Amino acid sequence: MSTRKPPEGPFPYPTTPEWAENLYEAIVNTCAAEGFAPVPRQAVLEALAPALGQGEAKRVTERRRDGRVLRATAYHVEQRGTDGALLLLNIALHGAATLPWANNDRTRSEWLHPSPDNVARMEGLVDQQRTVAEWTMARERAKAAQRALASTAPRVEKDAAVAAVKNAEDELVRAQRELKAREQALGGRRPLPVVRAVVEDGTALAALTTEEVRAEVAGEVQRYAVETLRRRARLRSYELAESLVQEGQRESTVVVLQQTPVVGRDGVRRNIWRGRQVTGNNRGDARLQVFGVAAEQLLAGVPQYLLRLEGEEENRRLLLHGLGEILRRVSTLLNAEYADPDRDAEGRAERALRTAQVSARVVVGAVTPQRLEESLRQLNVHDHLRGQLTYGDMDRNLGLWSTLVKAYQAKGLLGELLVKEVAHDRVRAGDLDEDAIADALVGARPLDELAALLTPGAEASPLALRDVAVRCATVMVFPPVPPRPGNLPPRARMRPGPYWPVVRAALQEAPWSQVNGARTDRRTDMWAAVVAQHFAHRGNLLAARGLFTARDVQYGVRPDARSLASLLTACRRGDADAWEMLVRRHLVPGLINAPEPFVTAGQGSEKSADRKGVRRTPINAVQALVHAYTTPPEGVTRELLIAFAEAVLSAPESAGGTSLVPGTFWAPDANGDPREGTLADKGWFDTTFPKITSPRKRKTTEPPADHPCGDEDETGEESNTPVEELDEELPEDAATRMTRLRAALTSMMGSSEDAVATAAEQVGLLLTTVKDAVRAREEAGAEEEPAEVQKSYVKELREIKKQCSQIVELLDSATVEVTSL
């Protein structure tokens with residue numbers, strides 16, 4: 001460290017230790033007066049004070065008789081009067097002082113759930129990255145040694161040099177191949193870091209902390225967070241970094257102080273405090289690009305040679321960890337460059353000038369620190385869902401899901417719904433940790449928090465936890481509605497129960513009575529996005545289209561009370577209903593989100609050369625698998641179906657065998673044994689379970705509504721307003737008639753489908769009865785029925801056949817007409 005006085009300039013230097021202590025005192029006193037928990041002392045000293053602009057600590061504080069406090073104009077309260085209220089300090093920070101926040105909901109779909117298995121895979125990936133880096137350096141050293149050989153060197157030395165280069169290249173290729181396999185095991189993603197409120201002396205404070213990890217892992221997580229942000233930034237119609245260079249940063253962003261406990265290569269444990277950009281993530285990253293500092297280096301340590309000061313000897317082994325020292329060197333170098341009258345107009349000092357200091361709102365207090373991460377996440381979601389930011393389909397749906405989970409919590413219905421519909425009253429709602437379960441459902445914690453919802457005695461395996469998470473998502477997106485009371489008048493408004501209004505308000509939907517396909521598609525897309533987060537490989541959202549109907553949206557989906565093991569046992573015993581439940585509610589997520597997906601969107605945009613199997617709708621593929629249990633195609637046995645179901649359910653945890661990608665498996669044979677060399681993929685699936693043409697049999701416990709129902713908030717009570725009764729009825733206008741008929745169409749479609757399915761079952765029963773009667777007559781040796789009786793039966797059968805022909809003609813006409821609907 002140089003003792004020379006740093007040059008003056010626009011880039012600020014860290015706050016002195018004395019003013020850092022004064023700032024912390026002011027924050028503590030102000031939080032006590034306002035009723036907030038303050039930030040930890042180390043967070044202020046190591047993350048906030050070093051990042052302040054010139055004179056900012058003095059500007060935002062004032063001295064009173066009872067000590068220092070924050071000036072009234074220097075802070076404000078966000079969400080005052082709620083459990084998520086935050087005290088934000090309005091201040092100017094060094095442009096290179098903050099890091100992008102990995103928990104940004106705009107990139108949530110790019111992260112995996114932080115399960116122990118995913119964390120272990122992440123550790124292995126980082127180790128393999130280091131191995132690749134070591135062999136890359138070994139190859140370069142071997143090539144340098146080969147080039148350094150003189151032309152007169154002995155043949156033995158030349159051959160040894162060639163062999164060394166060849167060995168290094170072979171080892172590098174092998175290491176890169178293993179690295180690619182580890183990437184595939186994670187689906188190209190990383191587990192989302194778990195953040196919680198900092199706890200000191202048993203008291204939660206207004207700052208966040210992550211789990212302790214190796215320094216290399218922390219750096220990789222930060223690097224990946226920046227990579228995902230930059231992929232999203234490509235959707236902008238302009239270069240954000242160039243915008244900051246030309247105009248500076250106009251918006252004030254939100255920053256939270258976060259601790260990252262790490263273990264270095266030398267085994268030393270350190271707590272790294274940094275400011276994290278809750279909002280303005282891309283701006284934080286763009287500023288670091290302008291300053292020429294990598295985010296992962298700012299977190300885990302900047303090499304000294306990148307920030308070497310004048311007169312300082314270069315040390316390739318030295319890492320700079322303290323934020324104050326890093327920013328001091330950055331400002332020293334840039335101020336020195338800026339003071340040069342012949343400075344480059346495109347140099348770092350000139351480009352970073354407008355972002356030398358940026359306005360920010362730093363979280364320094366919280367009413368409920370345990371909910372700090374949730375409050376910040378919702379702030380981030382609101383900016384993305386209601387603002388003008390570009391938002392991907394997957395991330396938008398996950399943002400809506402986060403909003404929905406919070407809405408259930410706010411109404412106090414989350415535990416009640418899950419206990420009633422998922423745990424089936426095996427536990428009490430008061431025994432559940434709703435905050436932990438909500439965090440697990442949105443991906444902020446491992447799924448272990450859902451173990452309380454498992455059936456008694458069930459092992460909390462990744463398979464069981466993922467399945468209960470899917471059940472939770474299904475019942476929360478499609479909440480059950482109570483059946484229509486039998487004594488309710490036909491035109492009376494039916495109340496949809498306590499859960500449906502929560503979903504409607506969170507997703508800003510129309511009233512319960514207005515049923516349409518757009519609402520079904522939106523709900524299905526959100527369900528598909530949530531379920532995809534439980535798998536390393538994500539399928540297309542459109543692959544779930546059609547798996548839920550308008551009736552599922554209106555009346556809800558009730559999960560089966562049986563566990564996966566119980567369902568599989570029932571399937572082995574020949575229970576067709578259990579098989580259908582297993583496929584539709586438990587296998588579908590794995591069929592869509594597999595490394596080799598079995599169910600795809602089947603859209604015309606798919607490339608013919610890359611498409612496996614045949615083009616078919618998702619519902620056709622699922623129905624074919626359901627149908628195969630009762631009417632198996634050639635070569636399909638019950639053993640094959642059960643083996644396939646077990647393989648799909650356990651595939652995400654499958655390590656893969658020789659030449660197999662993790663998560664894939666060999667196709668089962670008729671005995672249920674794997675067939676080596678035959679990969680279970682969409683081509684095999686479509687061949688084994690070909691497209692079917694039979695209609696889907698709809699099952700529901702809810703009767704269709706006889707009449708359209710209004711909003712649940714309307715009471716239908718008589719008004720005291722004077723009314724006039726005319727002698728004749730008023731004609732119904734076209735728009736009202738259209739709305740009424742469209743609402744009635746869905747119910748009529750469902751009832752017609754059920755009626756036809758019932759008729760088909762009745763005819764099948766008739767055929768079975770006739771065959772049994774013929775067999776019984778032959779066994780008894782009795783004579784045939786008289787010709788007159790047989791003719792009467794034939795006449796009645798022909799009349800039934802004629803009516804079926806009329807049904808086909810009517811359906812053909814309806815099909816033609818519905819295309820103009």
Side-chain angles (χ1 to χ4, degrees), residues 1-2 120-186 188 190 213-224 226-227 230 262-268 270 288-289 291-322 325-326 329-330 333 344 347-348 658-659 661-662:
M1 178 176 176
S2 175
R121 294 187 185 105
M122 174 73 173
E123 295 272 353
L125 175 70
V126 172
D127 291 338
Q128 195 60 31
Q129 287 177 337
R130 183 175 179 181
T131 301
V132 169
E134 291 174 348
W135 280 112
T136 301
M137 295 177 61
R139 182 188 62 179
E140 296 305 317
R141 287 195 297 267
K143 287 185 176 180
Q146 184 183 24
R147 289 192 296 268
L149 285 177
S151 58
T152 58
R155 173 58 61 182
V156 175
E157 293 184 9
K158 292 182 178 180
D159 292 343
V162 171
V165 172
K166 179 66 167 55
N167 178 68
E169 289 179 341
D170 292 343
E171 291 295 335
L172 178 59
V173 170
R174 188 177 297 108
Q176 290 174 335
R177 189 184 304 116
E178 178 63 22
L179 178 61
K180 183 178 180 180
R182 293 180 184 272
E183 282 275 5
Q184 289 177 330
L186 286 169
R190 306 289 185 270
V213 295
R214 288 187 292 150
E216 295 167 315
V217 174
E220 172 61 16
V221 169
Q222 188 62 56
R223 183 205 64 78
Y224 178 75
V226 171
E227 177 187 318
R230 292 180 180 176
V262 300
V263 179
R265 293 187 182 181
D266 54 0
V268 177
R270 293 181 292 108
L288 291 179
Q289 293 181 58
F291 276 87
V293 179
E296 61 269 23
Q297 292 177 344
L298 186 61
L299 175 69
V302 180
Q304 179 264 355
Y305 69 87
L306 294 178
L307 298 177
R308 184 169 62 88
L309 300 177
E310 182 180 357
E312 191 175 50
E313 183 178 350
E314 181 178 303
N315 185 349
R316 289 273 174 172
R317 294 179 175 270
L318 185 61
L319 281 178
L320 307 173
H321 291 296
E325 177 63 16
I326 293 172
R329 287 173 176 262
V330 169
L333 294 172
D344 183 5
R348 280 196 306 168
T658 306
S659 71
V661 175

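Small disclaimer: the values here were computed from a predicted structure and weren't measured.
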Exercise. Can you list every salt bridge (Lys or Arg N to Asp or Glu O under 4.0 Å) pair that touches residues 129-138, not counting sequence neighbours?
Worked result: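 Sorted result for residues 129-138: Arg130-Glu134, Arg130-Glu216.
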Problem set entry | Selection residues 138-148 - residue pairs positive for salt bridge (Lys or Arg N to Asp or Glu O under 4.0 Å), sequence neighbours left out |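 Matches after skipping sequence neighbours: Lys143-Glu169.
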For the [atom1] atom of [X] and the [atom2] atom of [Y], what is their distance to the nearest 0.5 Å?
| X | Y | atom1 | atom2 | result |
| --- | --- | --- | --- | --- |
| Glu312 | Leu318 | CD | CG | 8.0 Å |
| Leu172 | Thr131 | CG | OG1 | 11.0 Å |
| Asn167 | Trp135 | CG | CH2 | 5.5 Å |
| Arg329 | Leu320 | CZ | CG | 5.0 Å |
| Gln184 | Leu179 | CD | CG | 10.5 Å |

Provide the closest heavy-atom pair for [X] versus [Y] in the form atom of the first, atom of the second, distance.
| X | Y | value |
| --- | --- | --- |
| Ala215 | Gly264 | CB-CA, 4.3 Å |
| Arg308 | Leu333 | O-CD2, 3.6 Å |
| Leu186 | Leu125 | CD1-CD2, 3.9 Å |
| Ala295 | Val226 | CB-CG2, 3.6 Å |

Is any side-chain heavy atom of [X] less than 4.5 Å from a side-chain heavy atom of [Y]?
| X | Y | answer |
| --- | --- | --- |
| Arg214 | Glu123 | yes |
| Glu314 | Gln304 | yes |
| Val268 | Val263 | no |
| Met122 | Val221 | yes |

Pairing residues for [X] by the side chain to side chain contact (heavy atoms under 4.5 Å, CB included) criterion, not counting sequence neighbours:
| X | answer |
| --- | --- |
| Ala218 | Val213, Thr260, Val262, Leu299 |
| Gln297 | Ala294, Val302, Pro303, Leu306 |
| Ala142 | Ala164, Val165 |

For this session: Ignoring hydrogens and angles, tell me if any N or O in the side chain of Lys158 forms a donor-acceptor pair with the backbone of Thr152 under 3.5 Å.
Result: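 Not at all, since once roles are kept as given, no pair shorter than 3.5 Å links the two residues.
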For this session: Spell out, as yes or no, whether a donor-acceptor pair under 3.5 Å connects the side chain of Gln128 to the backbone of Lys180.
Result: no
Exercise. Any ion pair linking Asp170 and Lys166 (charged N to carboxylate O, less than 4.0 Å)?
Worked result: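 Salt bridge flag = yes for Asp170 with Lys166.
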Exercise. Salt bridge between Arg190 and Glu227, side-chain N to carboxylate O under 4.0 Å?
Worked result: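 A salt bridge is absent here (no side-chain N lies under 4.0 Å from a carboxylate O).
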For this session: Applying side chain to side chain donor-acceptor pair (under 3.5 Å), name anything that partners Asn315, two or more places apart in sequence or on another chain.
Result: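 Here no residue qualifies.
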Problem set entry | Pair Glu178-Arg174, salt bridge (Lys or Arg N to Asp or Glu O under 4.0 Å): steps then yes or no | CA-CA 6 Å; Glu178 178 63 22; Arg174 188 177 297 108; over 6 Å; no
For this session: May I ask you to check whether over 12 heavy atoms, not counting those of Glu313, lie within 6.0 Å of atom CD?
Result: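 No, the 6.0 Å shell around CD holds no more than 12 heavy atoms from other groups.
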